[in-house]
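No experiment lies behind these values; they were computed from the predicted model shown.
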Amino acid sequence: MPGWFKKTWYGLASLLSFSSFFLIIVALAVPHWLSGKILCQTGVDLVNASDPELVKFIGDIYYGLFRGCKVRQCGLGGRQSQFTIFPHLVKELNAGLHVMILLLLFLALALALVSMGFAILNIIQVPYRAVNGPGGICLWNVLAGGVVALAITSFMAAVKFHNLTERIANFQERFFQFVVVEERYEESFWICVASASAHAANLVVVAISQIPLPEIKTKMEEATVTAEDILY
């Protein structure tokens, strides 16, 4: 059985792995990966709007990996509309990249559970195989954190290089053209960053668990019987 010191740190490692699992689920469920401001370029061109009047033509948009919301401002007040990524909108996006992001996050869920299982195994017993020990915990955490980081990087690439927000904003728009004037990553994106950070923290936790504690030894003083003692 492992000592209390290692049990404590392995318990913390399992908790961090579970928190990563939970954070990814939240990130998938909450449609707030990115938000932005969209300008109705068609409306601006029709009325030849000047800078002070542009605010009347700037709407809002936010979205996640499955759904989102858009508020159009084309000079006649805001019009809100909800949209879903699947099954139609994804065809207008880089479908392969979007599906890859989802698959990576689902894979990260599985890897987070595996890393948690390895940490719990090391709490219960000292594994016979080295791959099931601290090295195994580190391996699965590296894989899980790397997969989450790859999903985050892929999403950023979709936003920057594939004009993800602009494609979503102009989906099913026949008469109006929208231009993105501002983008910012929202809580779901940063939740995924926190998930990857949890796995990085696990590497530190496992490393700390391997620090040898000084052993406290009590020395028993043995009584020695001499010839003088016998005389008494």
Side-chain angles (χ1 to χ4, degrees), residues 9-35 62-68 84-87 89-91 93-124 127 129-162 164-165 167-168 183-210:
W9 288 104
Y10 288 149
L12 179 58
S14 64
L15 183 62
L16 285 171
S17 294
F18 179 76
S19 66
S20 174
F21 174 83
F22 179 75
L23 289 173
I24 295 174
I25 291 179
V26 172
L28 287 168
V30 178
H32 287 279
W33 276 69
L34 190 137
S35 65
Y62 67 84
Y63 58 89
L65 298 179
F66 293 100
R67 65 186 189 277
T84 56
I85 303 296
F86 295 93
L89 177 54
V90 70
K91 298 177 183 178
L93 311 177
N94 189 323
L97 183 59
H98 194 83
V99 172
M100 187 185 75
I101 294 170
L102 291 174
L103 291 177
L104 287 172
L105 290 176
F106 286 127
L107 176 60
L109 286 173
L111 293 174
L113 289 179
V114 172
S115 65
M116 181 181 70
F118 269 66
I120 293 174
L121 175 64
N122 281 265
I123 294 174
I124 299 173
R129 293 185 177 182
V131 72
N132 295 334
I137 301 176
C138 291
L139 173 63
W140 290 109
N141 275 282
V142 168
L143 291 175
V147 168
V148 176
L150 184 58
I152 293 170
T153 305
S154 299
F155 181 77
M156 295 174 66
V159 172
K160 296 298 181 183
F161 302 115
H162 295 276
L164 182 62
T165 306
R167 291 189 183 191
I168 292 176
E183 290 177 318
R184 59 183 177 275
Y185 296 106
E186 293 294 342
E187 55 265 28
S188 294
F189 176 85
W190 296 113
I191 284 172
C192 261
V193 174
S195 173
S197 301
H199 289 293
N202 252 347
L203 299 179
V204 178
V205 168
V206 174
I208 294 175
S209 71
Q210 300 307 301

Neighbour count above 12 (heavy atom, 6.0 Å) for Tyr185 OH: yes

In the structure I gave you, are the side-chain heavy atoms of Glu183 and Val159 within less than 4.5 Å of one another anywhere? yes

Compare all side-chain heavy atoms of Leu102 with those of Leu28 and state whether any distance is below 4.5 angstrom. yes

Any side-chain heavy atom of His98 within less than 4.5 Å of one from Leu65? yes

So, taking the atom named OG in Ser20 and the one named CZ in Phe18, what distance separates them when rounded to the nearest 0.5 Å? 11.0 Å

Classify the side-chain pair Asn202/Ser17 by whether it contains a donor and acceptor separated by less than 3.5 Å. yes

In terms of the angle between their ring planes, are Phe86 and Phe66 parallel, tilted or perpendicular, with boundaries placed at 30° and 60°? tilted

Considering non-hydrogen atoms only, spot the tightest contact between Asn122 and Gly133 and give its length. OD1-CA, 3.3 Å

Between CD1 of Ile137 and CG of Leu121, what distance do you get to the nearest 0.5 Å? 8.0 Å

Run the numbers on Leu111 and Val147 for side-chain contact (heavy atoms from CB on, under 4.5 Å), then give the verdict. CA-CA 9 Å; Leu111 293 174; Val147 168; 3.8 Å; yes

Shortest non-hydrogen pair, Ser209 vs Trp9, comes out as CB-CB, 3.6 Å

Pairwise side-chain contact, Leu89 with Ile168, heavy-atom cut-off 4.5 Å (strictly under): yes

So Leu109 and Leu113, do their side chains get closer than 4.5 Å, heavy atoms only? no

Less than 4.5 Å apart, any side-chain heavy atom of Thr165 and any of Leu34? yes

Nearest heavy-atom approach of Ala108 to Ile24 is CB-CD1, 3.7 Å

Going by atom types alone, do Ser188 and His32 pair a side-chain donor with an acceptor below 3.5 Å? no

Between CZ of Phe118 and SG of Cys138, what distance do you get to the nearest 0.5 Å? 11.5 Å

Applying side-chain contact (heavy atoms from CB on, under 4.5 Å) to Ile208 and Val204, what does each step give before you reach the verdict? CA-CA 6 Å; Ile208 294 175; Val204 178; 4.0 Å; yes

Which distance, rounded to the nearest 0.5 Å, do you find between the CD1 of Ile123 and the CG of Leu12? 9.5 Å

Without swapping roles, check the side chain of Arg167 against the backbone of His162 for a donor-acceptor pair under 3.5 Å. yes

Close side-chain approach of Val193 to Ile152, heavy-atom, < 4.5 Å: yes

Report the residue from Asn94, Leu105, Leu97 that forms a side-chain contact (heavy atoms from CB on, under 4.5 Å) with Ser154. Leu97

Could you grab the distance from atom CD1 of Ile85 to atom CG of Leu93, nearest 0.5 Å is fine? 6.0 Å

Which pair of heavy atoms, one from Ser195 and one from Val148, lies closest together, and at what distance? OG-CG2, 4.1 Å

Rounded to the nearest 0.5 angstrom, the CD-CD1 distance for Glu186 and Ile191 is 11.0 Å

Using side-chain heavy atoms (C-beta onward) and a distance below 4.5 Å, is Trp140 in contact with His199? no

Which atoms form the tightest heavy-atom contact between Ser14 and Ile120, and what is the distance? CB-CG1, 4.0 Å

Is it the case that the ring center of Phe155 lies less than 6.0 angstrom away from the ring center of Trp33? yes

Exercise: do Tyr63 and Ser35 side chains pair donor with acceptor under 3.5 Å: no

